[in-house]
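Step one of this worksheet: look at the structure below.
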Amino acid sequence: MQVNQEFRPKIVAFCCNWCSYAGADLAGTNRSNYPADVKIIRVPCSCRVNPLFILRAFQRGADGVIMCGCHPGDCHYTTGNYYARRRMTMLFSMLDYLGIEKERTRVEWVSAAEGAKFAATMNEFTATIKGLGENKRLEDLRCKTQ
Amino acid sequence: MKKVSRSSLDACFAAIAASQKLYLPVADGEKKRGAKYAPWFEGAVYSTAVNTVRSAKDFFFPQVEKMTRFKMDGKQIEVEDIRKENEDFVIFGVRACDAASFAILDSVYLSDPVDSFYQNRREHGLIMTMACGKPTETCFCSVFGIDAAEPAGDISCWMTEDTVYMQANTEKGEALLASLPMLEDAADDAAEETKAAIRQVLDKLPLKDLSTDAFGGDKLMKLFDSDKWNSLSEACLACGTCTFVCPTCQCYDIRDYDTGHGIERFRCWDSCMYSDFTLCAHGNTRTTQMQRFRQRFMHKLVYYPSNNNGTFGCVGCGRCLKSCPISMNIVKVMKTLGEGNE
Amino acid sequence: MKQETLIPKIGVVTDIRIDTPDVKTFRVVGLDGKKVFEHMPGQCAMLSIPGVGEGMFSITSSPTNTEFMEFSIKKCGCLTSWLHMMEVGQQVTIRGPYGNAFPVTTDFQGKDLLFIAGGIGLAPLRSVINYCRDKKDEFGSLHIIYGSRSKDDLVDYQEILDEWMTDDNVRVDLTIDREQEGWDGHVGFIPNFVKELKPDLNRTVLICGPPIMIKFTLDGLKELGFSEEQVYTTMELRMKCGIGKCGRCNIGDKYVCKDGPVFRFDALSELPNEY
Amino acid sequence: MQDTMMKRASELLADGTVVRVLGWKNGEFVYDPTPAVFDSAEALAQDFVYHDFCGSNLSKYLIELSRLEGKTLVFLKPCDSYSLNQLLTEHRIDREKVYIIGIPCDGKLDPDTVRSSAEGILSAVTEGDSVQVETMYGNVTLNKADCLLERCTVCKSHKVVVFDEMLGENGTVNPDSNRFDMVEKLEAMTPEERYEFWRGELSRCIRCNACRNVCPACSCEQCVFDSPTSGVSQKAAADSFEENMFHIIRAFHVAGRCTDCGECSRVCPQHIPLHLLNRKFIKDINTYYGEYQAGAEAGSRAPLVNFTMDDCEPNVIYKGGSK
């Protein structure tokens, strides 16, 4: 049985293909450390992230979900992240409104050159989630392993 | 017959709840406008609302029920039977209409092949009914031969200003009443006055003269081909409110859910009002809302009686009259179709 | 706890035969290598791949086959596409048998039979055909009229050529919808073909195929002088439980899964046309 | 009002301007009129009603009706006209096929609220500020203000925003509506309290889809929740996650397009205050992206399909008290 084991959060990071995913790559080549608890999902653009994706991540057991995209103004598709910005603001605000800890969700703009920022963001986010503990308020009990 | 003062009713609940789960209607929802069945707790107040928003069928045919679990491993499949023997439970305050709905569900689920999920719950449930002190304008159970003053169930109860009378109808009910020390003996006709008062009100109900003459298995084609279905169904939103609050709606869907560590097969209520109800790979046999709408009422008023010796699949609880977003309901359907069709 | 029909058994696919570009025939046995259950011709079983879906399929092998059951399945939806991707050895869940059957032990006894099938509609009839061939002395002669879009779409073509056509008691007439190279048989739609062939009026008819084919063939049969009491068909609608409880496969007050899938046309014509 | 409406509708039918009339049909009781289509003056005379229980929003029916041959006459209350405008913006309704008669509204009654203080309703008549209810158990006089639908107690506008003609005096937008009060109250709670509040409400959901199907903004031909391939297709609220997800996604799908017509809360058989979800989005949009009222004018661009370069960052929600 797992008793008193350190809590390892599951974190899902949606990274846009053009900036943040490259940023994560750079973090890797630069040997910047960030926790292995972060699972990266590559999306063509931050705008591709449907609110359903975020909820689905929580359903499947994520304890925190972070979305990374190009800095506003730098979107590969010119305006994608502007839409994403509004969308995520609304969604996160709604999650907070329903009493789901807002700290579990975050948006961060990471460019292809910001490997260090990527690592730092992930470290910090993971620490936050660790502090919050397991996601209990938006979990799907059926998906929990007994 | 037994009796207990209303002030001792709580003690009575506590005594039942000490040995098994007890559910009773309590006020619920925004501004406490509705009522729901809830597990009894210390301080729970029995709601005398004429009916709960959801029906008592939930206890035997819950909205969602896990059926089987599958473990998948390459080409191998393992079936896990997750059925468990249900615990005994008591439902208090079931109205005559809901009590009659169990017979309708029984004829579906307990006919061969028996549905063991339903049977399991049915065998472990004890039903305590309550006569309707204050039936309301949407009640029309008498149309289907149900007497709200004489509800069925394992134990029937009548409530007056200060006393609750209890009459056991089955051995199971007898045993439960015998186990409650706070009950006193009462004359067998002690509740007659209450019954008479109820019948007086029932006699004044606006829907009591609703006619079922135009319906039944033998009227199948005539009703099916009626041109009135179009206007009846034109405003239907295709939601499932009527089916989900209905005590006799019994259709279900079987679905699989991938939990990530196996497949869970569950069944859930389904509604013939939904567009995917009859959707097959090759198309849909009911493509318009009129057809789906017609199916629901034909099932209750024609198909069900045809297969069950003329018993209608409606108990007149009036829930759909209160809940339908556009106020279309079985009463309007019966009146419209019945016109000139007696 | 009591046996529950809704909880399926496991079947193993031991053989997969490619019939046409979109029809495969699957051979299924239980984990012990034996038949999962016995059935009568015309009955169905619920096959499922957990997580993909469950569907009702007619059992195409004859009950006289004591070793296995076969299902001829056309690829047309989510579950069937998955089934078509299966390899030998794959397990599926199976429950049944469900529905009534063709009245082979009663009404069909001693009768001459006429089978009319279109496309995948041969699947449910194949069970009856082989049953009748195996119990020769209980039935009269068999006449099979079968058609499909093209030669490649004829289900069980090899079996038709090798076994049915060589059987003295069986007459087979094949047709395809359009001219095709390498086909010297009849070309044309089934309803017209049936009218041209003028089958013997004493035969009991079993029809299965696309709804539109059934409709026109039935009209044609009536023109020829057949009565509705002589004609049987087998239906299919969306099903979930298979035991007449989930409430969706009804035609009027009859549930296809329980009171069907085999219906005689005189009974069917008294029901609403909602199929 | 009913007679004026009926007379005008008959005229328009007679002169061929419209071929059908969308209105309300008399019900079994006083409080249950059903939306209905009338195609003749006789049909109108027989069944047409308009009274204080005609709360349902007729605009969504026009999606189907405007596809039919000929013009449809529709009676729109102020709330309904916003929905219609929004549907016009989304090109769901052909304006040419609709003849709109605006009707003023001073609040519609909620049968459930009336029922909670008057069991066994036989008739109910509004007289000024009071409602005279005759019940099986005696007569009751209720305060009209106490029997209104939730949306009417915080009415945002008495103005019919789109019409071909107006019956009676058109009203004005009500800037003093305190419709966000409850949202603010919730925002002021701790996350734990909010969580408890919403669990209590959403756990009652029976997934009947009435809120979705009645919603004029939910006009998709096929809903994501009905798609067998989407993986979210669940008829039943199988667990708390499903309940949350359905309502979050539904509110999100109509965010920026929801006119706050309040139909979702009106039709919910379980009386879940669904408007509180929509209003939260409206309030957030107002706060972060500037005041916006969906449906106030046809053709306006919804906030969630729009942006400015200097929008606030999502972390704005982490700032400022419990907000």
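What's counted below: heavy atoms across the whole structure, side chains too, no hydrogens, waters or symmetry copies. The sequence lines fix the lettering, A, B, ..., with proteins before strands; numbering per chain opens at 1.
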Practice task
Answer yes or no: is there a side-chain heavy-atom contact under 4.5 Å between D:Pro191 and A:Glu101?
Solution key: no
Practice task
Answer whether the closest heavy-atom distance between the side chains of D:Ile249 and A:Pro51 falls below 4.5 Å.
Solution key: yes
Fill in the blank from the handout: Between D:Leu277 and A:Met94 the two heavy atoms that sit nearest each other are O-CE, 3.3 Å
Exercise for the section: State the CG-CZ distance between D:Asp284 and A:Phe92, to the nearest 0.5 angstrom. Expected result: 13.0 Å
Problem - 4.5 Å side-chain heavy-atom contact, A:Thr89 and D:Asn315 - result: no
Handout entry: Heavy-atom side-chain contact between A:Asp96 and D:Arg194 under 4.5 Å
Key = yes
Problem - Rounded distance [0.5 Å steps], OG in D:Ser240 versus CG in A:Leu141 - result: 6.0 Å
Exercise for the section: Measure A:Pro72 against the heavy atoms of chain D and call it side chain, backbone, both or neither at under 4.5 Å. Expected result: side chain
Exercise for the section: Can you measure from CZ (A:Arg87) to CZ (D:Phe307) and round to the nearest 0.5 angstrom? Expected result: 12.0 Å
Exercise for the section: Could you tell me whether a side-chain N or O of A:Tyr97 sits under 3.5 Å from a main-chain N or O of D:Leu186, the two making a donor and an acceptor? Expected result: no
Handout entry: Heavy-atom proximity to chain D below 4.5 Å, by part of A:Leu91
Key = both
Practice task
Taking all heavy atoms of A:Tyr82 and all of D:Thr308, pick out the closest pair and write down the distance.
Solution key: CD2-O, 3.9 Å
Problem - Basic-acidic side-chain contact under 4.0 Å: A:Arg142, D:Glu242 - result: yes
Problem - Worked check of salt bridge (charged side-chain N to carboxylate O under 4.0 Å, His left out) between A:Arg137 and D:Glu192 - result: CA-CA 10 Å; A:Arg137 296 194 178 162; D:Glu192 287 68 34; 3.3 Å; yes
Problem - Full working for side-chain contact (heavy atoms from CB on, under 4.5 Å) between A:Phe58 and D:Met245 - result: CA-CA 10 Å; A:Phe58 281 120; D:Met245 180 173 72; over 6 Å; no
Practice task
Identify which part of D:Asn244 has an atom lying under 4.5 Å from any heavy atom of chain A, answering side chain, backbone, both or neither.
Solution key: side chain
Exercise for the section: Can you check whether anything in residues 24-50 of chain A gets within less than 4.5 Å of chain D, heavy-atom wise, and list it by number? Expected result: none
Problem - Reported NZ-to-OG distance for the pair D:Lys283 and A:Ser93, which is rounded to 0.5 angstrom - result: 8.5 Å
Handout entry: Nearest heavy atoms of A:Met90 and D:Phe281, plus distance in Å
Key = O-CE2, 3.4 Å
Exercise for the section: Measure from the side-chain N and O atoms of A:Arg85 to the backbone N and O of D:Pro314, and report whether any donor-acceptor pair falls under 3.5 Å. Expected result: no
Problem - Geometric cation-pi criterion A:Arg86 and D:Tyr288, 6.0 Å radius, 45° cone - result: no
Exercise for the section: For A:Arg60, look at atom CZ and say whether over 12 heavy atoms of other residues, nucleotides or ligands are found less than 6.0 Å away. Expected result: yes
Handout entry: Which atom of D:Phe241 lies closest to which atom of A:Leu55, heavy atoms considered
Key = CZ-O, 3.2 Å
Fill in the blank from the handout: Note: vs chain D, highest number of non-hydrogen pairs under 4.5 angstrom among A:Arg106, A:Met88, A:Glu139 is A:Glu139
Problem - CG on A:Leu98 to CD on D:Glu201, rounded to 0.5 Å - result: 11.5 Å
